[in-house]
Q: 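Take a look at this one; I'll ask things after.
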Amino acid sequence: MKLKKALVSFFYILFSIALSAQPIIQLHFVQDKDAIQKRMLKKLQTKNQLASEQLSSLIGKNKTAGFCACYAGFIGVSNHEGYINFTRKHATPVIYLAITQEIVPVMRVENTVSHWQFIKDAPVTFYKLTADEHAAQATWNIIEIEVPENLVIPSETIIVFGNPAHFYFSSDTKESKHMTLPNIALPPLMITKEANPIKSSLFLLSVRHLFASAEPTQNKQFNMYQLITPP
């Protein structure tokens, strides 16, 4: 019996290590600097004086929490610092990022999704991000591309739920912060003051059961991938 318990504990430890070894893709929401300045100026115009501690609080007030995104069957919500971590599920250094309010599941069987599609004529901003992973700090080539004619969303896509007019990549931000490969940190995704995380997540109430929660752990010493076959 003791031997059996020891073996169970040993394999549980190995399984836990394997899970923690999976690399991540990190998405980072950052508030538009112009929006911060406008908010600060408006506050200054309504008061004759503003204490330094109030000013610091105003500048540092978080507006990037609560935004939802999905990738490879997992859904995540940005934390108080604006980060979402997904377990990386494809090996190529190419990532697509789509910003739209809703997507449509194409079912294989009941409660099993074959793939997802964009909604025809719905507002979508669709980016292709390509990086040279051999560099210590990846420099990203970011281009905006057309939605596929068949509307099928590539399996390498991170979908951010929201109004495309309220999210963008800054033209002067192409580098990700240093992160030991195979982990990937995407360039910051800027959000405007009009972006509303509550409105952005309303669609997910009807499809939440089709996703698993994105709660990956990070270990920089391993290189493990699970390949996804595109539909």
Side-chain angles (χ1 to χ4, degrees), residues 19 22-29 66-79 83-131 140-169 182-184 186-187 189 191 195-217 224-231:
L19 287 179
Q22 294 180 342
I24 67 168
I25 298 175
Q26 187 177 82
L27 177 63
H28 187 199
F29 295 95
F67 290 96
C68 296
C70 69
Y71 162 75
F74 292 87
I75 190 166
V77 181
S78 60
N79 63 17
Y83 289 101
I84 302 177
N85 288 345
F86 292 103
T87 300
R88 185 175 174 183
K89 297 293 186 179
H90 68 279
T92 56
V94 175
I95 295 175
Y96 298 93
L97 189 138
I99 305 164
T100 188
Q101 295 280 18
E102 297 183 20
I103 54 178
V104 177
V106 176
M107 309 303 293
R108 180 178 291 119
V109 294
E110 185 178 0
N111 289 333
T112 301
V113 177
S114 171
H115 60 274
W116 293 83
Q117 293 186 181
F118 293 112
I119 297 176
K120 187 176 181 180
D121 299 327
V124 179
T125 301
F126 196 34
Y127 294 102
K128 181 179 180 181
L129 294 84
T130 308
W140 291 91
N141 178 32
I142 305 174
I143 57 174
E144 186 173 345
I145 60 176
E146 296 292 330
V147 170
E149 291 186 5
N150 61 4
L151 302 179
V152 174
I153 301 175
S155 58
E156 303 89 354
T157 304
I158 295 176
I159 299 105
V160 174
F161 295 100
N163 187 333
H166 300 159
F167 301 82
Y168 67 95
F169 284 111
N183 302 290
I184 289 179
L186 298 178
L189 183 63
I191 60 174
N196 187 319
I198 296 177
K199 291 182 180 179
S200 300
S201 59
L202 288 177
F203 159 72
L204 294 173
L205 294 176
S206 61
V207 295
R208 176 65 183 83
H209 62 289
L210 300 176
F211 294 94
S213 297
E215 297 180 349
T217 54
M224 297 175 61
Y225 297 108
Q226 176 184 347
L227 295 180
I228 295 178
T229 302

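Note that the numbering runs from 1 along the sequence shown for the chain. It should be emphasised that the depicted structure is a prediction, and the values quoted were computed from it without experimental measurement.
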Q: Taking the side chain as every heavy atom from C-beta outward, state whether Trp140 and Ile95 have any atom pair closer than 4.5 Å.
A: yes
Q: Residues two or more places apart in sequence or in another chain: which of them pass side-chain contact (heavy atoms from CB on, under 4.5 Å) with Ile198?
A: Asn196
Q: Mind checking the CD-CG spacing from Gln26 to Leu186? Nearest 0.5 Å is all I need.
A: 8.5 Å
Q: Flag the pair Ile99 / Val124 as yes when at least one side-chain heavy-atom distance between them is below 4.5 Å, and no otherwise.
A: no
Q: Show your reasoning for whether side chain to side chain contact (heavy atoms under 4.5 Å, CB included) applies to Thr130 and Ile143.
A: CA-CA 9 Å; Thr130 308; Ile143 57 174; over 6 Å; no
Q: Just how far is it from atom NZ of Lys199 to atom CD of Gln101, taken to the nearest 0.5 Å?
A: 9.5 Å
Q: State, to 0.1 Å, how close Thr100 and Pro164 come at their nearest heavy-atom pair, and which atoms those are.
A: CA-CG, 4.3 Å
Q: Apply ring pair (Phe, Tyr, Trp, His ring centres under 6.0 Å) to Tyr127 and list each qualifying residue two or more places apart in sequence or on a separate chain.
A: Phe169
Q: Work out which heavy atom in Ile25 is nearest to a heavy atom in His90; give both atom names and the distance.
A: CD1-CE1, 4.1 Å
Q: Taking all heavy atoms of Gly76 and all of Phe86, pick out the closest pair and write down the distance.
A: N-CE2, 3.8 Å
Q: Decide whether Ser213 and Arg208 meet the rule of one side-chain donor and one side-chain acceptor closer than 3.5 Å.
A: yes
Q: Just jot down the side-chain contact (heavy atoms from CB on, under 4.5 Å) partners of Val207, sequence neighbours excluded, or say none.
A: Trp116, Phe203, Leu204, Leu210, Phe211
Q: Which heavy-atom pair separates Arg88 from Tyr71 by the least distance, and what is that distance?
A: C-OH, 3.9 Å
Q: Could you point out which residue of Ile159, Ile153, Ile145 forms a side chain to side chain contact (heavy atoms under 4.5 Å, CB included) with Tyr96?
A: Ile145
Q: I'd like to know whether CD of Glu146 has more than 12 heavy-atom contacts from other residues, nucleotides or ligands below 6.0 angstrom.
A: no
Q: As an exercise, state the distance from CG of Asn183 to CD of Gln22, rounded to the nearest 0.5 Å.
A: 11.0 Å
Q: Side chains of Phe118 and Val152: closer than 4.5 Å at any heavy-atom pair?
A: no
Q: Rounded to the nearest 0.5 Å, what separation is found between the CG atom of Leu129 and the CG atom of Asn141?
A: 8.5 Å
Q: Do Ile191 and His166 make a side-chain contact, defined as non-hydrogen atoms from C-beta onward lying under 4.5 Å apart?
A: no
Q: For Ser78, which residues count as a side-chain contact (heavy atoms from CB on, under 4.5 Å) partner, sequence neighbours excluded?
A: Phe29, Phe67, Ile84
Q: Could you check Val113 against Val106 for side chain to side chain contact (heavy atoms under 4.5 Å, CB included), going step by step and ending with a plain yes or no?
A: CA-CA 6 Å; Val113 177; Val106 176; 5.9 Å; no
Q: Mind checking what makes side-chain contact (heavy atoms from CB on, under 4.5 Å) contact with Asp121, not counting sequence neighbours?
A: none
Q: Only counting residues at least two apart or in another chain, list the ones meeting ring pair (Phe, Tyr, Trp, His ring centres under 6.0 Å) with His28.
A: Tyr83
Q: How far apart are the closest heavy atoms of Ala72 and Lys89, and which atoms are they?
A: CB-CG, 3.7 Å
Q: Could you measure the distance from the CD1 atom of Ile119 to the CG atom of Leu151? Nearest 0.5 Å is fine.
A: 9.5 Å
Q: Quick one: closest heavy-atom pair of Val77 and Cys68, and the distance?
A: CG2-SG, 3.9 Å
Q: About how many Å separate CZ of Phe161 and CD of Glu102, when rounded to the nearest 0.5 Å?
A: 9.0 Å
Q: Would Thr157 and Leu97 satisfy side chain to side chain contact (heavy atoms under 4.5 Å, CB included), going step by step from the backbone distance to the final call?
A: CA-CA 5 Å; Thr157 304; Leu97 189 138; 5.9 Å; no
Q: Quick one: are Ile142 and Pro187 in side-chain contact, heavy atoms under 4.5 Å?
A: yes
